[in-house]
Amino acid sequence: MSVVISGGGPAGMMLGLVLARAGVEVTVLEKHGDFLRDFRGDTVHASTVRLMDELGLGRGFAALPQSRLGNLVVTVPGVGPVKLSSFDRLRAPYDHVAMIPQWDLLNFLVAQAQREPTFTVRMNTEATGLLRERGRVVGVRYRTRDGEEGELRAALTVAADGRHSTLRREAGLVPEEYPVPFDTWWFRLPRHAHERDVPPNLVPGFGRGDMALSLTRDDYFQIAYFRTKGADPQLRAEGIERFRERIALLLPQYADRVDQLASLDDVHLLDVRLNRLDRWYQDGLLLIGDAAHAMSPAGGVGINLAIQDAVAAATLLAEPLRRGRPTVAALARVQRRRWRPTVIVQRMQRVLHGVMFEPVLTGRRVGPPTRLALLARYVPGFRLLLSRMVAFGPLPEHAPAFARRDG
Ligand SMILES: Cc1cc2nc3c(=O)[nH]c(=O)nc-3n(C[C@H](O)[C@H](O)[C@H](O)COP(=O)(O)OP(=O)(O)OC[C@H]3O[C@@H](n4cnc5c(N)ncnc54)[C@H](O)[C@@H]3O)c2cc1C
């Protein structure tokens, strides 16, 4: 039987690939013409790297342009530099977080999926609504960039269309929203030739009322600036000169290049959300990834969680799909399997919001959380536990036997 997936992000592409390996006819609809969209994180964690190996994609994945994230070191006033993570103590080869531009990862997944005869991707094609028959979802309506409209019928429709999911809205499903104290603004600053030898790292900068994080890319630094939610109009009213000053204060090592930001048009707002649906399915419809549970950037785990959802869904649904239409009970099993890891990770993100972000953004603290840093410094095993949680997350998935290939 056939599956239509709305959304060619990490969740949709991985689901398409794994289901196609089971011989299921899959069509992924992606509304954009390429994957070069707003920055949505680069981190590929050990759980995903291991999946790539299990799928026989390890060598191709390793050849993608990437860097390995070093340990996160923060400077605590009065204490000095403190290492918060110990990825180097995890068991090789799954002892790191890889930083890969998301478009490279998605292009790689599409190329692999296209080797399967039952996989189709339709770029520039937006799912606009659900087809229903006798209350059951039986496919989607779509519109191409050229304005052509059509319908695609399927035994199963999957909404993997992200935080602002159209199909979720069409299904009448409303997620519970958890308050998020910050928004994120993204921009790039150049990386000079003499800085190329510096190992890639996450470099935080703390102010009174704002903070920033620098991520190293091949020829530039990707900067995330954090401030209280809803501050965008004020930030834009203050103008580019004030913004440059703020960045130079937070990350003084880049003070020599903040004038490369020509205007605030170079600074992109991403409205951060954290939410979760109570029910991830209806008869004929399944929601996975951010469409079911939007993740905040805290901990940088959303891509990996979306991929884990996809692998779990393919594992549980390949056989029912081979036999016909999956029942509602089969769809419910996917939610049951992914519910606990999702809740645990979202709870941890809310703790991080409260401990790491809120005190800084409300001006109550300048610098990283001292207690967390002291725990990392003095409690044996804490750093390793934290690193393991970030690298693998709770209840990580493995590739199902039907999708495994030799590398
Ligand atoms: C500021 C920010 C930074 C982040 N940083 C990180 C990080 O460093 N590491 C990390 O792991 N996670 C990070 N995340 C979280 C991560 O981006 C998401 O959790 C993850 O991308 C979810 O994957 P997804 O496939 O479910 O959805 P998405 O990645 O949102 O993909 C959805 C896809 O569906 C397409 N689409 C949307 N609507 C339609 C439609 N109607 N029809 C067809 N196609 C459609 C979109 O174009 C998109 O390609 C960050 C999130 C934010 C907001």
Side-chain angles (χ1 to χ4, degrees), residues 4-16 27-48 69 97-103 105-107 109-110 121-130 140-145 152 157-170 180 182-187 202 213 215 217 222-226 229 268-276 280 286-310 313 338 342 345-346 349 390-391 393:
V4 60
I5 300 170
S6 167
M13 281 307 174
M14 182 55 95
L15 179 62
T27 303
V28 178
L29 307 182
E30 169 53 49
K31 71 176 177 183
H32 290 110
D34 56 36
F35 300 113
L36 297 171
R37 50 213 170 103
D38 279 343
F39 178 74
R40 289 285 172 79
D42 286 1
T43 54
V44 176
H45 292 221
S47 55
T48 302
L69 193 64
V97 171
M99 307 252 311
I100 298 186
Q102 204 178 114
W103 48 87
L105 175 69
L106 292 174
N107 279 324
L109 289 178
V110 179
V121 60
R122 293 171 69 168
M123 303 299 286
N124 287 317
T125 306
E126 179 173 5
T128 52
L130 292 168
V140 295
R141 268 189 295 280
Y142 66 82
R143 187 173 46 238
T144 67
R145 177 166 289 178
L152 209 57
T157 299
V158 180
D161 48 356
R163 302 181 304 155
H164 303 293
S165 169
T166 303
L167 294 192
R168 183 179 68 202
R169 193 185 57 234
E170 288 291 308
V180 177
F182 62 91
D183 279 330
T184 312
W185 290 260
W186 297 97
F187 57 93
L202 282 179
L213 191 65
L215 294 89
R217 284 267 183 83
Q222 178 79 56
I223 315 287
Y225 174 74
F226 302 92
K229 196 163 231 348
H268 307 283
L269 165 71
L270 264 173
D271 162 31
V272 179
R273 297 276 179 93
L274 186 72
N275 64 32
R276 189 169 66 238
W280 301 6
L286 176 70
L287 298 96
I288 60 170
D290 271 18
H293 48 76
M295 307 303 290
S296 123
V301 291
I303 297 168
N304 302 275
L305 218 66
I307 285 179
Q308 305 279 317
D309 281 5
R338 296 303 306 154
T342 305
V345 173
Q346 289 192 322
Q349 291 196 317
V390 171

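Please read all numbers here as calculations on a predicted model, not as lab measurements. First listed ligand is number 1; within each ligand, the first listed atom is number 1. Values below: all heavy atoms of this structure, side chains included; hydrogens, waters and symmetry mates excluded.
Neither the backbone nor the side chain of L167 comes within contact range of ligand 1; no heavy atom lies under 4.0 Å. Here L305 has no heavy atoms under 4.0 Å from ligand 1, in either its backbone or its side chain. Both the backbone and the side chain of D161 come within 4.0 Å of ligand 1, judged by heavy-atom distances. Proximity of V301 to ligand 1, defined as any heavy-atom pair under 4.0 Å, is confined to the backbone N, CA, C and O atoms.
Heavy atoms only, all atoms of each residue included: P297 and T184 are closest at CG-OG1, 4.1 Å. For the pair D290 and R168, the tightest heavy-atom approach, listed with the atom from each and the gap, is O-NH1, 3.8 Å.
For atom 19 (O) of ligand 1, the nearest non-hydrogen atom from the set D290, T48, L215 comes from D290. In this comparison of G162, P10, A298, A160, the heavy atom closest to atom 29 (O) of ligand 1 sits on P10.
Going from atom CG of D183 over to atom OH of Y225 covers 11.5 Å, rounded to the nearest 0.5 Å.
For the pair G12 and ligand 1, the shortest N or O to N or O distance does not fall below 3.5 Å. Of the N or O atoms in G300, one or more lie within a sub-3.5 Å distance of an N or O in ligand 1. Polar contact check, K31 against ligand 1: a nitrogen or oxygen pair lies under 3.5 Å apart. Of the polar atoms of A306, none of the N or O atoms is found under 3.5 Å from an N or O of ligand 1, judged by distance alone. Between I288 and ligand 1, a contact under 3.5 Å exists for no N or O pair. Residue-to-ligand polar distances keep T184 apart from ligand 1: every N/O pair is separated by 3.5 Å or more. Of the N or O atoms in R163, none lie within a sub-3.5 Å distance of an N or O in ligand 1.
Taking the six-membered ring for Trp and thresholds of 30 and 60 degrees, H293 and W280 have ring planes inclined between 30 and 60 degrees apart.
Assignment of L29 to the shell around ligand 1 is supported, since a heavy atom sits closer than 4.0 Å. Residue contacts with ligand 1: F35 is excluded, as none of its non-hydrogen atoms falls under 4.0 Å. A heavy-atom separation below 4.0 Å is not found between L106 and ligand 1.
Partners of R143 under the salt bridge (charged side-chain N to carboxylate O under 4.0 Å, His left out) rule, at least two apart in sequence or in another chain, are E149.
Each of the following atoms of ligand 1 lies closer than 4.0 Å to a heavy atom of H32: 47 (O). Ligand-side atoms of ligand 1 in range of A11: 25 (O), 26 (O), range being under 4.0 angstrom from any heavy atom. Below 4.0 Å from some heavy atom of S6 lie the following atoms of ligand 1, by number and element: 40 (C), 42 (N), 43 (C). Atom numbering of ligand 1 starts at 1 in the shown order; those under 4.0 Å from a heavy atom of L270 are 1 (C). Below 4.0 Å from some heavy atom of T166 lie the following atoms of ligand 1, by number and element: 41 (N). Close approach of ligand 1 to T125 (heavy-atom distance below 4.0 Å) involves ligand atoms 43 (C).
Judged as a salt bridge (charged side-chain N to carboxylate O under 4.0 Å, His left out), the pairs with a partner in residues 299-310 (not counting sequence neighbours) are, in order, D309-R338.
Side chains of T144 and N124: no donor on one and acceptor on the other come within 3.5 Å.
Residues I5 and T27 have side chains not in contact (no heavy-atom distance under 4.5 Å, counting atoms from C-beta outward). Residues Q349 and L274 are in side-chain contact: their nearest non-hydrogen atoms beyond the backbone lie under 4.5 Å apart.
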